Amino acid sequence: MSIEDQLCLATLSWAREAVEGAAFGKVAATGHDIRETLNCKKIAENSLFYLKPIRKNAEFKDQGYYSCVFSLRHNGKLYNITETLNVTIVEDRSNVIPVILGPKLTPVEVELGEDVELNCSALLNEKDYFYWSFWKENGLDPNVHEDDKISRWTLEGKPYASKILRIQNINENNLNFLYNCTVGNAGSIDTKSFILLRKAGIADIPGHVFTGGMIAATVVSVAILCLGVVCVIYRVDLVLCYRRWMGTDETLTDGKTYDAFVSYLRECRPENGEEYTFAVETLPTVLEKHFGYKLCIIERDVEPGGAAVDDLHSLIEKSRRLIIVLSKSYMSHEVRYELESGLHEALVERKIKIILIQFASVGDFTFLPQSLKLLKSHRVLKWKPDESGSYNSTFWKNLLYLMPAKAIKPDGGGSEVLPVLAEVS
């Protein structure tokens with residue numbers, strides 16, 4: 001319905017009633033006309049009962065006061081029936097500013113050989129343009145296709161649409177390229193981009209980087225393994241070096257007098273003369289004079305007639321280690337108590353550690369108590385005169401390793417070679 005039709009609808013209904021009244025004698029009408037004005041300016045007039053509609057699109061200049069006047073003459077008098085409306089023209093609210101939905105750049109992770117659909121959605125008017133752009137300098141990729149169909153829908157009174165771009169059997173040419181979706185009209189334009197990225201994984205690592213990483217990991221693993229093996233093999237040397245450099249001393253606060261109590265067969269017979277000489281001469285020469293330890297040797301440190309049972313137990317308690325110079329004749333009555341007392345201190349009270357020095361003449365340990373057989377293997381040292389003649393030999397290093405750490409530097413003035421053990425006849 002045109003603007004004029006809407007304005008004069010009510011007035012014409014009143015005029016019709018007046019005319020019908022005159023026809024039936026209710027009103028003696030002799031003449032009539034109808035006209036329409038805009039802001040007091042006549043824009044239409046007719047002597048009939050109606051005005052021909054003027055159909056046009058509303059413009060801002062069409063707003064104002066519209067009056068529809070119906071004039072009727074009766075008995076020489078003119079009667080006017082008037083209806084006035086205020087018309088305001090507003091902007092068409094059905095038009096929207098076209099805009100793409102979502103972020104301006106959307107990365108899509110894909111794998112080579114798969115198919116993917118890129119869906120672009122926008123808020124737009126019916127006549128706005130909406131398209132995909134994927135042109136390259138060397139032409140279009142044959143595996144990229146834009147759907148001709150545009151899906152449209154309305155949400156909360158606003159028009160929306162979407163358009164799909166299909167990429168089949170993705171290859172390297174499709175990666176890292178911007179596929180642009182554009183919507184717009186004469187007054188506004190908006191664009192969104194999609195970029196295809198290969199999914200992260202081992203395949204993304206360059207070959208030379210992967211190979212270099214594997215080589216580096218292998219080298220580091222082998223180095224750590226070799227370092228561990230070296231530490232195990234040279235454990236004793238490393239510990240001794242650490243003690244010397246750091247000046248470690250375990251004997252300062254334990255309140256004990258001796259670094260080691262030497263237990264040996266004190267009967268100097270031809271069959272055990274080598275063990276006796278080793279206990280009373282070789283050990284003191286090396287451990288006391290060269291390395292600064294203090295040993296407790298019964299025949300030297302206890303007056304003749306002394307060393308009762310209680311005294312022996314006290315001497316062992318005052319010692320940090322119990323060195324047992326072992327031979328087959330060792331388990332005699334004289335030293336059995338020393339061994340039993342030392343085992344009690346070591347295994348029960350855990351106040352002393354035992355060092356067992358085995359001579360080559362000992363074939364087995366069947367004559368020893370069962371508890372001594374459980375002694376850790378690294379605390380059992382084998383004395384070999386032909387291989388232990390130097391202070392730096394494996395035997396003496398292992399013995400120093402088992403002795404308590406003491407901050408006394410070795411005597412540098414003496415020879416590095418031990419004196420020859422005395423022959424006992």
Side-chain angles (χ1 to χ4, degrees), residues 231-232 234-264 278-303 306-326 335 337-358 369 371-372 374-381 383 391-414 418:
C231 290
V232 172
Y234 296 98
R235 177 184 71 253
V236 173
D237 297 87
L238 294 175
V239 171
L240 295 179
C241 288
Y242 175 80
R243 290 179 182 178
R244 285 198 297 269
W245 291 340
M246 300 301 295
T248 306
D249 196 332
E250 301 175 0
T251 66
L252 297 177
T253 58
D254 59 3
K256 295 192 175 184
T257 306
Y258 301 102
D259 294 310
F261 181 93
V262 182
S263 178
Y264 61 97
F278 175 83
V280 299
E281 295 182 9
T282 305
L283 279 179
T285 299
V286 177
L287 295 182
E288 290 185 334
K289 294 183 179 180
H290 193 76
F291 293 109
Y293 286 102
K294 185 176 182 180
L295 303 180
C296 179
I297 300 176
I298 293 293
E299 292 183 322
R300 184 192 67 181
D301 299 323
V302 179
E303 296 181 0
V309 171
D310 292 340
D311 294 334
L312 286 174
H313 184 73
S314 176
L315 291 173
I316 292 175
E317 282 187 338
K318 294 178 181 179
S319 303
R320 300 179 182 91
R321 301 289 187 271
L322 172 61
I323 299 178
I324 299 175
V325 182
L326 188 62
V335 296
Y337 179 75
E338 297 174 13
L339 177 61
E340 292 176 351
S341 178
L343 290 175
H344 182 271
E345 291 284 323
L347 302 177
V348 179
E349 299 186 14
R350 298 185 181 277
K351 294 180 179 180
I352 194 171
K353 295 179 180 179
I354 296 177
I355 303 173
L356 189 63
I357 299 178
Q358 174 191 352
S371 57
L372 195 59
L374 301 177
L375 197 63
K376 293 181 179 180
S377 59
H378 71 271
R379 292 192 170 274
V380 179
L381 306 180
W383 168 256
Y391 294 125
N392 290 324
S393 64
T394 302
F395 174 82
W396 292 112
K397 287 181 179 179
N398 288 333
L399 182 57
L400 292 176
Y401 172 76
L402 297 176
M403 291 290 288
K406 199 165 187 177
I408 298 179
K409 296 182 179 180
D411 182 12
L418 290 174

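Source: prediction; values computed, not measured. Side chains are part of it too, since the values below use all heavy atoms of this structure and drop only hydrogens, waters and symmetry mates.
Take A279 and apply the side chain to side chain contact (heavy atoms under 4.5 Å, CB included) test, not counting sequence neighbours, and it matches V262, Y264, V325. Checked against side chain to side chain contact (heavy atoms under 4.5 Å, CB included), T257 has the following partners two or more places apart in sequence or in another chain: K294, K318. R243 pairs by the side chain to side chain donor-acceptor pair (under 3.5 Å) definition with nothing, not counting sequence neighbours. With sequence neighbours excluded, the residues satisfying side chain to side chain donor-acceptor pair (under 3.5 Å) with K397 are D237. Residues satisfying the ring pair (Phe, Tyr, Trp, His ring centres under 6.0 Å) test with Y258, not counting sequence neighbours, are none. Remark: E250 engages no residue in a side chain to side chain donor-acceptor pair (under 3.5 Å) (not counting sequence neighbours).
Between T251 and K256, the closest side-chain pair of non-hydrogen atoms is not below 4.5 Å. Taking 4.5 Å as the limit, every side-chain heavy atom of P404 sits out of range of all side-chain heavy atoms of K353. At a threshold of 4.5 Å between non-hydrogen side-chain atoms, the residues Y293 and K406 count as touching. Residues L295 and D301 have side chains not in contact (no heavy-atom distance under 4.5 Å, counting atoms from C-beta outward).
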- Task: Apply the test salt bridge (Lys or Arg N to Asp or Glu O under 4.0 Å) to residues E288 and R300: give CA-CA distance (whole Å), side-chain angles for both, the deciding distance (0.1 Å), then the verdict.
- Result: CA-CA 13 Å; E288 290 185 334; R300 184 192 67 181; 2.7 Å; yes

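The aromatic rings of F395 and F278 stand perpendicular to each other, their planes meeting at an angle above 60°, with 30° marking the opposite boundary.
Distance OH/Y234 to SG/C241: 12.0 Å, rounded to 0.5 Å. We find the CG-OH distance between L238 and Y401 to be 10.0 Å, quoted to the nearest 0.5 Å. The CG atom of L399 sits 5.5 Å away from atom CD1 of I355, with the distance rounded to the nearest 0.5 Å. Atom CD1 of I297 and atom CG of L315 lie 12.0 Å apart (nearest 0.5 Å). Taken to the nearest 0.5 Å, the CG atom of L240 stands 8.5 Å off from the CZ atom of F291. For the atom pair CH2 of W396 and CG of L381, the computed distance is 10.0 Å after rounding to the nearest 0.5 Å.
Residues Q358 and V380 share a closest heavy-atom pair of OE1-CG1, 3.9 Å. In terms of heavy-atom proximity, S319 sits nearest to C296 at OG-CB, 4.4 Å. The two atoms that bring R321 and M403 nearest to each other are NH2-C, 3.8 Å, heavy atoms only.
A salt bridge links D259 with R320; the closest basic N to acidic carboxylate O contact falls under 4.0 Å.
Each of I324, I316, I323 was compared with F261 under the side-chain contact (heavy atoms from CB on, under 4.5 Å) criterion, and only I316 meets it.
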